[in-house]
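We're numbering straight along the sequence, starting at 1. The structure displayed is predicted, hence computed values, not measured ones. Counting starts at 1 for both ligands and their atoms, following the listed order. Side chains are part of it too, since the values below use all heavy atoms of this structure and drop only hydrogens, waters and symmetry mates.
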Amino acid sequence: MKIYISADMEGISGVVSSSHVEAGSGEYERFRRLMTREVNAVIEAALECGASEIVVNDSHNKMDNILIEEFHPKACLISGSPKPLSMMQGIDETFDAVFFVGYHARPGVAEAIMDHTYTGTVMYAKINGKLMSEAGLNGRLAGYFGVPVALVTGDQNAVKCAKDELNDPVGVVVKEAITRYSAKVYPFDVVREKIREGVKKAIEKLPNLKPTVEQGPVELEVSFYRSIMADMALLIPGMAKKDGRTVVYTAKDYLEAYKVFRAALAINSGVQ
Ligand SMILES: [Zn+2]
C-alpha cells in the first residue's frame, strides 16, 4: 500500500500565529520541529496499518520546512520549491491513498487558523462553481490520477472544508480554532492518539472510498483581492474576465485547470 502525504503547516497542532509558520521569525524553528514530529506520527500510524511506501511532499511556503535529520527513516521526502505541481508534486496513479496533514480552511471561513488558499492574493477559488479550499483543489488532482483522499488533519474548519469538497475523507481535528489566530490546543500525546485512530479508520475505509473526479471540461474561477491581479492573470491565453477582480478559464480536464490556477498565481507573485 502506497501513501502520498501533502503536509502543510497552518493546521499542525499548536500552530496559532503567523510567527509560527514564517521562516525567519523567532518561533519558526520550534514549530517546524513540531510539524516534523506530527508528520512522523502520521507515517508511524500508516506503517502500523500496513503501508509499505510513503512519500511526503512538504507543502508549506518555501516547502523546505520538514527537518530531514528528524524525518521518519521509513518514508521519503519531497522538499523545496518551486515545483510544477506545488502542494501535490509527486502524485501519480501508483498511489492507493492521499493524506492531507496540517491543512487549513479556505479564505473567509470564521473560526479557522490562518484561512487562505495557496497565497494571500486569492479571495476565492471555484471549480465548476463550487468554492474550494486547498484540500478541494489538491484532492481533485489526486482524483485526476484516480487516487482518493482518505485523511485530513487540521482545525475543525479545515476538516469541514475538506469534507464539504471531497468524497468523505476521515477528518482528524488536532485543534479547535477560536479565531484566525487562537485555538484550543491539546498536548501532543493526545494529538498522536487522535492521529493513530484517524489513520486506522482511513485505511480501513479505503476499499469503499472513491476518488473525487471532476469530468472535463472543468471551469476554474479565481477572484483576487486586487484588480491588478486579475489583469495579470488575463495574460494567460484563454483566460476570460468575469468582473474587475475575477477571471475564469475553461480547461479540457482537471490537470489543465490546476496548472492554469498555478500559473495565474505565479504571474502574481510579487504583485501588490
Ligand atoms: Zn496552505
Side-chain angles (χ1 to χ4, degrees), residues 4-23 25 27-28 31-32 34-36 38-39 42 56-66 77-91 98-127 131-142 149 151-166 169 171-175 177 179-181 183 222-225 229 258 261-262 264-266 268-269:
Y4 178 93
I5 298 175
S6 170
D8 206 348
M9 197 167 188
E10 289 85 352
I12 294 294
S13 64
V15 168
V16 293
S17 152
S18 45
S19 71
H20 296 167
V21 299
E22 281 170 12
S25 83
E27 290 275 63
Y28 170 73
F31 279 89
R32 69 192 297 199
L34 301 190
M35 177 188 184
T36 306
E38 196 154 317
V39 169
V42 176
V56 176
N57 181 31
D58 193 327
S59 298
H60 173 72
N61 200 16
K62 295 273 191 289
M63 305 185 166
D64 57 1
N65 312 282
I66 293 171
L77 178 65
I78 298 173
S79 183
S81 66
K83 33 197 179 192
L85 295 186
S86 188
M87 299 182 81
M88 293 303 283
Q89 187 64 42
I91 187 69
V98 164
F99 293 175
F100 292 149
V101 175
Y103 267 47
H104 51 80
R106 56 180 187 256
V109 174
E111 296 157 14
I113 295 294
M114 287 176 268
D115 55 312
H116 68 278
T117 297
Y118 270 76
T119 70
T121 62
V122 175
M123 194 158 74
Y124 68 73
K126 288 183 179 174
I127 293 295
L131 283 169
M132 290 290 140
S133 69
E134 290 170 8
L137 290 168
N138 299 345
R140 278 165 175 72
L141 197 58
V149 177
L151 182 87
V152 180
T153 78
D155 69 28
Q156 75 276 24
N157 277 310
V159 166
K160 185 174 185 306
C161 285
K163 282 182 172 282
D164 287 350
E165 299 161 12
L166 296 168
V172 178
V173 175
V174 298
K175 59 189 169 191
T179 65
R180 190 165 206 270
Y181 298 117
V222 185
S223 198
F224 295 94
Y225 281 102
M229 295 160 182
Y258 181 81
F261 175 67
R262 291 270 304 122
L265 299 197
N268 276 301
S269 72

(message) I'd like to know: is the Zn ion (ligand 1) within the 2.8 Å range of an N/O/S atom from H60, strictly under that distance?
(response) no
(request) Indicate if the distance from the Zn ion (ligand 1) to the nearest N, O or S atom of E10 falls below 2.8 Å. (result) no
(message) Can you tell me how far apart CZ (R140) and OH (Y258) are? Round to the nearest 0.5 Å.
(response) 13.5 Å
(request) Name all pairs fulfilling the side chain to side chain donor-acceptor pair (under 3.5 Å) condition that reach into residues 12-23, sequence neighbours left out, sorted by first residue then second. (result) S13-E38, S17-S19
(request) Name whichever N, O or S atom of D8 ends up nearest to the Zn ion (ligand 1). (result) OD2
(request) Quickly, which of L137, N138, D58 forms a side-chain contact (heavy atoms from CB on, under 4.5 Å) with M87? Name it, please. (result) N138
(request) Tell me which N, O or S atom of E134 sits nearest to the Zn ion (ligand 1). (result) OE1
(message) Once salt bridge (Lys or Arg N to Asp or Glu O under 4.0 Å) is applied, do any residues pair with E165, and if so which ones, sequence neighbours excluded?
(response) R106
